[in-house]
Amino acid sequence: MTNDGPAFPGARLGGISLILGPLLLLTGALLRWGVPFFFPHQLAAYAERPGLMTAANATFLAGVIVLWPGVALVASRIAATRPGWAVWGGALVMTGLFARAFHGGVNTFALALVDSAGTDAATRAVGSYYAYPEWIASSLSLSIMAGWIILAIGGVLSQILRPWQAIGLMLPSGLMIGVLKGTDWLTIVELLGLAAAFVPFGLAELRRARFPANKATLPLALLFLAASVVFGRLG
């Protein structure tokens, strides 16, 4: 381990993740604020406001994907003094993020089904999924719920998180997981807790790492991101 933090994911990548991940999740949740929580209402809202609901789903999914390097960095910091807490907390949270990413994909397909087959057909399809959920992803729900708590305790014991940050980090353990979940006031509180725990930590990591490493880093990263989007759209 160097002054820049662990070689992987590194303080720069991890720091950016700790800032952007919670903010993207919070933005996605706020974009669907006001729509009743469960999937029939989410699908009906998409039929009425497809642009807004697409943005909400895409932003939330982006937050889930962006978050993993930050979790890995926090776990690596904890591991310096509390390796057991780091391994279990980090592994459980990141395993649970796979489930959230899977559900994000199902959400995207369900919204597309509204366009191709109509709201009623999409509602029946999602209802059938809930009756017989895909067992691998659904079995990971407990992982992310327990993982946030374990990671938070490890953060306090290792003294890399202040008590108020640890409390904030525990709050996402109550964040509902599944297909086409909406936003209520508890969702906002839980994501604000995540942001309160991770964003200051990420800023401190970037200051430690003297971000950016060189002037070419940010343009190259943005170029790669743009190329990825274009390549992905080509199918």
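None of these values were measured; they are calculated from a predicted model.
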If you compare all heavy atoms of [X] against all heavy atoms of [Y], which two are closest, and at what distance to 0.1 Å?
{"X": "P200", "Y": "A195", "value": "CD-O, 3.5 Å"}
{"X": "E190", "Y": "L171", "value": "CG-O, 3.2 Å"}
{"X": "L31", "Y": "A56", "value": "CB-CB, 3.6 Å"}
{"X": "N57", "Y": "G104", "value": "ND2-O, 3.9 Å"}
{"X": "T54", "Y": "P50", "value": "OG1-O, 2.7 Å"}
{"X": "A99", "Y": "A137", "value": "CB-O, 3.6 Å"}

Path from [X] to [Y] over hydrophobic side-chain contacts below 4.5 Å:
{"X": "I167", "Y": "V71", "value": "no"}
{"X": "V106", "Y": "L140", "value": "no"}
{"X": "F38", "Y": "L111", "value": "no"}
{"X": "I19", "Y": "I16", "value": "yes"}
{"X": "M176", "Y": "L191", "value": "no"}

- Name all residues meeting the side-chain contact (heavy atoms from CB on, under 4.5 Å) criterion together with S158; count only those two or more places apart in sequence or in a different chain, and write none if there are none. I78, T81, R82, I160

Look up atom [atom1] in [X] and atom [atom2] in [Y], then write down how far apart they are to the nearest 0.5 Å.
{"X": "S228", "Y": "L225", "atom1": "OG", "atom2": "CG", "result": "6.0 Å"}
{"X": "F198", "Y": "L23", "atom1": "CZ", "atom2": "CG", "result": "12.5 Å"}
{"X": "I65", "Y": "F98", "atom1": "CD1", "atom2": "CZ", "result": "10.5 Å"}
{"X": "L180", "Y": "T108", "atom1": "CG", "atom2": "OG1", "result": "9.0 Å"}
{"X": "I188", "Y": "L30", "atom1": "CD1", "atom2": "CG", "result": "4.0 Å"}
{"X": "I177", "Y": "L142", "atom1": "CD1", "atom2": "CG", "result": "10.5 Å"}

- Note on the structure: From the list L175, L92, L169, side-chain contact (heavy atoms from CB on, under 4.5 Å) with W148 holds only for L169

- Message: Using a 6.0 Å distance limit plus a 45 degree cone around the ring axis, check whether R77 lies over the aromatic ring of F201.
- Response: no

- Message: List the residues meeting side chain to side chain donor-acceptor pair (under 3.5 Å) with S17, not counting sequence neighbours, and say none if there are none.
- Response: none

- Test side chain to side chain donor-acceptor pair (under 3.5 Å) applied to D115 - qualifying residues, sequence neighbours left out: Y46

Residues, nucleotides or ligands: over 12 heavy atoms within 6.0 Å of [X] [atom1]:
{"X": "E134", "atom1": "CD", "answer": "yes"}
{"X": "F37", "atom1": "CZ", "answer": "yes"}
{"X": "F109", "atom1": "CZ", "answer": "no"}

- Message: Under a 3.5 Å distance rule, please check whether S141 uses its side chain to pair with a backbone N or O of S138 as donor and acceptor.
- Response: yes

- Quick one: does E205's side chain have a donor or acceptor within less than 3.5 Å of a partner on R12's backbone? no

Given side chains that start at C-beta, do those of [X] and [Y] come closer than 4.5 Å, heavy atoms only?
{"X": "F60", "Y": "H103", "value": "no"}
{"X": "V64", "Y": "L25", "value": "yes"}
{"X": "L73", "Y": "S76", "value": "yes"}

- Query: Is there a donor-acceptor contact under 3.5 Å linking the side chains of T187 and D184?
  - Reply: yes

- Let me see the working for Q42 and N107 under side chain to side chain contact (heavy atoms under 4.5 Å, CB included), right down to the final yes or no. CA-CA 10 Å; Q42 299 290 312; N107 292 348; over 6 Å; no

- Message: Below 30° counts as parallel, above 60° as perpendicular, anything between as tilted: where do the rings of Y130 and F39 land?
- Response: parallel

- Between R100 and L67, does a side chain to side chain contact (heavy atoms under 4.5 Å, CB included) hold up when you go through it step by step? CA-CA 11 Å; R100 289 201 184 276; L67 199 57; over 6 Å; no

